[in-house]
Amino acid sequence: MKISAYAAERPKASLTPFEYEAKMLGSWEVRIRVTHCGICHSDIHLIDDDWGISSYPLVAGHEIIGTIDQIDANVKHLKPGVRVGVGWQAASCMECEWCSKGEEHLCSGSRSVIKGHGGFGNWVAADSRFVFPIPESIDSEHAAPLLCGGITVYSPLRHHGIAPSMKVGIIGIGGLGHLALQYARALGAEVFAFSTQADKERETKAFGAHQFVLSTNSRQMTKLERSIDFLLSTASGNVDWEQFMGLLRPHGRLCVVGASPGKIQVPPFALIGDEKAILGSVIGNPAMIREMLEFSARHGIRPKTELVSIDHINSAVERVRASRARYRIVLKH
Ligand code: NAP
Ligand code: ZN
């Protein structure tokens, strides 16, 4: 069976039509006919080889919604015809310490869906334990971005116990950031949106921010010194880390999910005096993904999307590369 996709043949190249032969399904795998795929900034980092790990031809796309078509005989909990989603992770070893603790996303044998060619193609295969039925109330265009963007911000907010008494700041209001505002608000926190773009103020408030802060305005930033409990950085570029550390209250935490290419450098006293911490977070485990989908359905959390035909993939990729998507572009196959 031939799969039609769009691939990058080398770093930063335009995507060109690319066909490849489908592999036989492995144990526990299902094959999905892709209908929708979001464009995450990680797809751009991979196409451009920003992280130095890309191999070409590269078929990106890891916010996938589609319908199950084929299943391996081991799979009992999914059936052909079911509408499902797949995110970044398509498999793990299922045997190590982390897999047995339900933290499969930390498995060193984790495989990304892009390794076997991702959702910029019209079919993907994945281990059924990383394939999630989509709640009926969420349509496919809005479900796609939840599979990576949604879980990547939901997981740290839940894991770090965001509570109604807390002040939470979201740094960078793009695909991930605009979902983070909605989750933090639904969890009851007082929510601050930190953006470099003044014209995002009105929309950030509609997403749930109580306050908009122009992060390039030092007066607005200084006013918030020592006031925030938890900062979540989704910025795809470098920010002034030391300045943001100054906004945290004692015991405050800066959690980084945005994979900006530079280094995070702060002097030791940015951490010592008020016992602050910098930490990271990566996607989320399968149980958390199921919870995130339920939570999104119940609280009406939806990305603001632009639906684009896959034929226009190059102009869409270009807009995400330039951080001009408002707020997630979803490709329709
Ligand atoms: P996006 O939609 O392009 O949004 C990124 C936002 O970052 C922009 O809207 C902008 O927000 C801000 N930004 C961009 N360049 C900046 C710069 N030079 N300085 C400061 N801020 C800048 O990207 P996304 O899809 O949300 O992804 C965000 C990041 O998360 C990417 O690096 C991606 O690879 C990473 N990611 C990580 C994980 C994980 O598991 N940890 C999962 C998914 C994605 P403002 O305009 O509001 O300033
Ligand atoms: Zn992603």
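Note that ligands are numbered from 1 as they come in the structure, with each ligand's atoms numbered from 1 the same way. Positions are given from 1, in the same order as the sequence printed here. Please read these numbers as outputs of a predicted model, since none were measured by experiment.
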- Query: Considering residues, nucleotides and ligands other than Met1, do more than 12 of their heavy atoms fall under 6.0 Å from its CE?
  - Reply: yes
- Task: Check which protein N, O or S atoms are less than 2.8 Å from the Zn ion (ligand 2) and report how many there are.
- Result: 3
- Decide side chain to side chain contact (heavy atoms under 4.5 Å, CB included) for Trp88 and Ile114; before the verdict, give the C-alpha distance in whole Å, the side-chain angles of both, and the deciding distance to 0.1 Å. CA-CA 8 Å; Trp88 176 268; Ile114 291 169; 3.9 Å; yes
- Query: What are the two closest heavy atoms between Leu293 and Phe132, and how far apart are they?
  - Reply: CD1-CB, 3.9 Å
- Query: Can you list, by chain and residue number, every protein residue with a non-hydrogen atom closer than 4.0 Å to ligand 1?
  - Reply: Cys40, His41, Ser42, His45, Trp51, Cys148, Thr152, Gly172, Ile173, Gly174, Gly175, Leu176, Ser195, Thr196, Gln197, Lys200, Thr234, Ala235, Ser236, Gly237, Asn238, Val239, Val257, Gly258, Ala259, Ser281, Val282, Ile283, Ser323, Arg328
- Hey, what's the ring geometry for His41 with His45, parallel, tilted or perpendicular (30° and 60° as the breaks)? tilted
- Query: Which side-chain hydrogen bond (donor to acceptor under 3.5 Å, both in side chains) pairs, counting each pair once, include a residue from residues 265-277, with sequence neighbours left out?
  - Reply: Arg226-Asp274
- Calculate, to the nearest 0.5 Å, the distance between atoms CG and CG belonging to Leu254 and Leu279 respectively. 7.0 Å
- Query: Residues two or more places apart in sequence or in another chain: which of them pass ring pair (Phe, Tyr, Trp, His ring centres under 6.0 Å) with Phe207?
  - Reply: His178, Tyr327
- Task: Output the distance between atom CD (Glu63) and atom CZ (Arg328), rounded to the nearest 0.5 Å.
- Result: 4.0 Å
- Message: Tell me whether Glu136 at atom CD has more than 12 heavy atoms from other residues, nucleotides or ligands lying less than 6.0 Å away.
- Response: no
